[in-house]
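Structure, as C-alpha cells:
Each chain gets a letter, A, B and so on, in the order its sequence line appears, and its residues count up from 1. These figures come from a predicted structure and were not determined experimentally. Note: hydrogens, waters and symmetry copies are ignored here, and every other heavy atom, side chains too, is used.
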Protein chains: 2
Amino acid sequence: MADRQWTSRFPGLGALEPEITNLLLRTSAVVDLPAGTRIFGPGQAPENYLLLLDGTVRVQQVSENGREIVLYRVAAGQSCALTTACLMGYEDYQAEGVAETAVTAVAIPRATFDEAIARSAAFRKFVFTAFSLNVTTLFKLIEEVAFSRIDERLAQRLLQLADPSGHIEITHQQLAAELGSAREVIGRQLHEFQRRGWVTTSRGSIDLANREALRQLATAH
Amino acid sequence: MADRQWTSRFPGLGALEPEITNLLLRTSAVVDLPAGTRIFGPGQAPENYLLLLDGTVRVQQVSENGREIVLYRVAAGQSCALTTACLMGYEDYQAEGVAETAVTAVAIPRATFDEAIARSAAFRKFVFTAFSLNVTTLFKLIEEVAFSRIDERLAQRLLQLADPSGHIEITHQQLAAELGSAREVIGRQLHEFQRRGWVTTSRGSIDLANREALRQLATAH
DNA sequence: TTTTGCTATGTGACTAGATCACATACGAGG
DNA sequence: CCTCGTATGTGATCTAGTCACATAGCAAAA
C-alpha cells in the first residue's frame, strides 16, 4: 500500500539515509484513531513518536479548576512536538492531546526513534525543527494571552477555525476553551460581531459574513 | 584552572564518554559576561550553546507595544534551553536573553554541539532533558497568565526574587514587567500587602515581612 | 402532539485588572 | 537648598472574567 512510502510525505524526511528510511518503514506502524481519541495527557505518557498523515490533533492545557486553553494544533504533515518532548525528557506534562478529527498517523516506537536520532543527522534536523517551531508558537501564545484583546484573539481564531465556506461548528463554550476565556465573554463579543454584520450565529455554529473585517481586527495592534 | 573540569559541574554530564568530554573541554571557551549583557534576542541569534557556571540569565518576551513578560530564568548548573532551540531549529525567536548578574558560562560552538549530539547518547539526554523541562515551565506560565490572579502571581514572584534576608531591589515597573502586568496594579497590590503587614516597601526595594502569608497566597488556588 | 430534559445562549450586577491622566515624593548631583 | 529624573500614588474609566439565573432550541419520550 501507499503508506509503505509515508516517509516521502514529510518534506524533511525525503533526503533521509536509505537505511534509516528502511528502519522507520520496517518498525513503525500506521495507525488510525477515531475523532475524540485522547492521544496523551496527564498520567498517559505517549509511547510513540507520532507523525500525522491525516487529520488534526488539538493540544490543550486543562487547569485544576477546569478551565481550558488550546496550546496549538498539529496538522497533517507535521510531527507532534510535544510527544517529542515527552520521549526526550521523560517529562509528565499537564497538557493533553486529543484527535480532533479522525487521524491517520505513523507511530514510531521509542527504540526506533532513539536509534534514528542517534544515526541520522537528517532525522535529527527534522525532529528538532518541528520542536523548535512549536516553542515559537508557545511564545506567541504567551504574548497574546498576556497582552492582546479578546476581540482580536476571537477574530483570529474564527478565521483559523472556519472551513472554506466560512462555516464553523462550535459552541460559545468551546470557543471560550480555545482562548482560555469565559462563555459569556465570547457570547457578548459574537453578539457585537453580528451587530456589525461580520458573522451570523445559530445554535452550535457560526458563519463568517465579512472575513476582511475580521482579518483587520485580528491583525490590529 | 578548575574550569578545565567544568563538565563535572553538570550532573548530567558526569557520565559522559571520555572522548566527548575531551571534545567539549578542548573546543569550548569559558566566557565571562558583565551584568546586563544581551546574550541573544530578535536579530541576534546565539552562536553558541551556553552552559551557565555562575550567575543567572533572564529570558523575556518584549511585545511590539513595549510590554514585557519574563518567560523564565536560567540558573547556574543549567543550560539555556532557548539557545538550544535556536541552534536546533535555526529559528529566530522574538524572545531575548539578558545576563541578570555577572555570568560565567561555557560556550560550546555549534560544530562541537552538533558533533556531541551525534556521537553521545548521554549528551543528547542532557540537552533534551533541559529543553523539555523548559517547555514544562512555559506551559505552567501560560496557565498562570491565563487563569491566575495577579496577587497570587505577585506573591509567588516576590518569594522567588527575594534574597535570603527577604530583601529585593526592584521597582514596581520592573515587577510589572516580570509578570506582564501594569505598574499601577503592582503598586496597589503591594500597598495591600503592606497594609496586611506582609511586606515593607521603599523607593526601589521591597522587604518581605511575612513569607509564610505570601507563600499561602501564592499556593492558593 | 405535547411533555420533558438536556444543552446552548442571553443578561444584569459585580469584581478584577488594565489604562489614562495626572499628582506627588524621593534622592542624587549641581 | 534647588533641580531634575525617576519612582510612586490616585481617581476615573474601560475591558474582561465571574456569578446567578433566565430563556431558548432541539430531540427523545410519552
Side-chain angles (χ1 to χ4, degrees), chain A residues 61-69 141-158 161 167-196 199-207 217-218 220-221, chain B residues 61 63-69 142-158 161 167-196 199-207 217-218 220-221:
Chain A
Q61 174 92 297
V62 184
S63 81
E64 304 137 345
N65 44 11
R67 297 196 54 181
E68 297 182 16
I69 184 168
L141 176 60
I142 289 172
E143 182 169 333
E144 282 180 2
V145 171
F147 306 132
S148 292
R149 296 172 49 95
I150 196 70
D151 53 355
E152 294 173 11
R153 295 178 58 215
L154 176 58
Q156 187 185 321
R157 193 54 60 106
L158 289 174
L161 293 174
H167 183 79
I168 317 170
E169 283 290 320
I170 200 167
T171 66
H172 299 181
Q173 181 64 66
Q174 288 172 312
L175 266 173
E178 286 276 334
L179 301 174
S181 177
R183 177 187 63 77
E184 301 92 318
V185 174
I186 299 300
R188 283 167 188 144
Q189 295 293 337
L190 285 174
H191 194 78
E192 174 62 17
F193 285 2
Q194 186 156 34
R195 196 191 62 75
R196 297 187 195 169
V199 304
T200 57
T201 67
S202 61
R203 186 187 168 93
S205 73
I206 300 169
D207 286 272
L217 177 61
H221 30 247
Chain B
Q61 174 92 300
S63 81
E64 304 137 346
N65 45 12
R67 298 196 53 182
E68 297 181 17
I69 183 169
I142 289 172
E143 182 168 333
E144 282 181 2
V145 172
F147 305 132
S148 291
R149 296 172 49 95
I150 197 69
D151 54 354
E152 294 173 11
R153 294 179 57 215
L154 176 58
Q156 188 184 321
R157 192 55 60 106
L158 289 175
L161 293 174
H167 184 78
I168 317 171
E169 282 290 321
I170 199 167
T171 66
H172 298 181
Q173 181 63 64
Q174 289 172 312
L175 266 173
E178 286 277 332
L179 301 174
S181 176
R183 177 186 63 78
E184 301 91 319
V185 174
I186 299 301
R188 283 169 186 142
Q189 295 294 338
L190 285 173
H191 194 80
E192 175 62 18
F193 285 3
Q194 186 158 32
R195 196 191 62 76
R196 296 189 196 168
V199 303
T200 59
T201 67
S202 61
R203 187 186 168 94
S205 73
I206 300 169
D207 286 271
L217 177 60
H221 29 247

Do [X] and [N] have a side chain to base donor-acceptor pair shorter than 3.5 Å?
{"X": "A/Arg153", "N": "D/dT15", "value": "no"}
{"X": "A/Arg183", "N": "D/dG17", "value": "no"}
{"X": "A/Arg149", "N": "D/dT15", "value": "no"}

Report the distance from atom [atom1] of [X] to atom [atom2] of [N], rounded to the nearest whole Å.
{"X": "A/Leu190", "N": "C/dT9", "atom1": "CG", "atom2": "P", "value": "9 Å"}
{"X": "A/Arg195", "N": "C/dG10", "atom1": "CZ", "atom2": "P", "value": "15 Å"}
{"X": "B/Arg203", "N": "C/dC26", "atom1": "CZ", "atom2": "C1'", "value": "4 Å"}
{"X": "A/Glu184", "N": "C/dT15", "atom1": "CD", "atom2": "P", "value": "16 Å"}
{"X": "A/Ile186", "N": "D/dT18", "atom1": "CD1", "atom2": "P", "value": "12 Å"}
{"X": "A/Glu192", "N": "C/dT9", "atom1": "CD", "atom2": "C1'", "value": "17 Å"}
{"X": "A/Asn65", "N": "D/dC19", "atom1": "CG", "atom2": "C1'", "value": "15 Å"}
{"X": "A/His172", "N": "C/dT11", "atom1": "NE2", "atom2": "C1'", "value": "14 Å"}

Ignoring the backbone of [X], work out which of [options] is nearest its side chain.
{"X": "B/Arg188", "options": "D/dA24, C/dA18, D/dG17", "value": "C/dA18"}
{"X": "A/Thr171", "options": "C/dA8, C/dA18, D/dG17", "value": "C/dA8"}
{"X": "A/Arg67", "options": "D/dT18, D/dA7, C/dT19", "value": "D/dT18"}

Ignoring backbone atoms, establish whether B/Gln189 has a side-chain N or O less than 4.0 Å from OP1 or OP2 of C/dG17.
->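 Yes.
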So does B/Thr201 get a side-chain nitrogen or oxygen closer than 4.0 Å to the phosphate oxygens (OP1/OP2) of D/dT8?
->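 No, B/Thr201 has no side-chain N/O under 4.0 Å of OP1/OP2 on D/dT8.
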So do the side chains of [X] and [Y] get within less than 4.5 Å of each other, counting heavy atoms only?
{"X": "B/Asp207", "Y": "B/Val199", "result": "no"}
{"X": "A/Leu154", "Y": "A/Phe193", "result": "yes"}
{"X": "A/Ser205", "Y": "A/Ile168", "result": "no"}

Kindly determine whether B/Glu184 and B/Arg188 satisfy salt bridge (charged side-chain N to carboxylate O under 4.0 Å, His left out), including the steps that lead there.
-> CA-CA 6 Å; B/Glu184 301 91 319; B/Arg188 283 169 186 142; over 6 Å; no
Using the closest heavy atom to pick a nucleotide of DNA chain C for each, name whichever of A/Gln174 or B/Ile150 lands nearer the 5' end.
->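 The residue whose closest nucleotide sits nearer the 5' end is A/Gln174.
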Distance-only donor-acceptor check, side chains A/His167 and A/Glu169, under 3.5 Å =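 Their side chains do contain a donor-acceptor pair, which is all the 3.5 Å distance test asks for.
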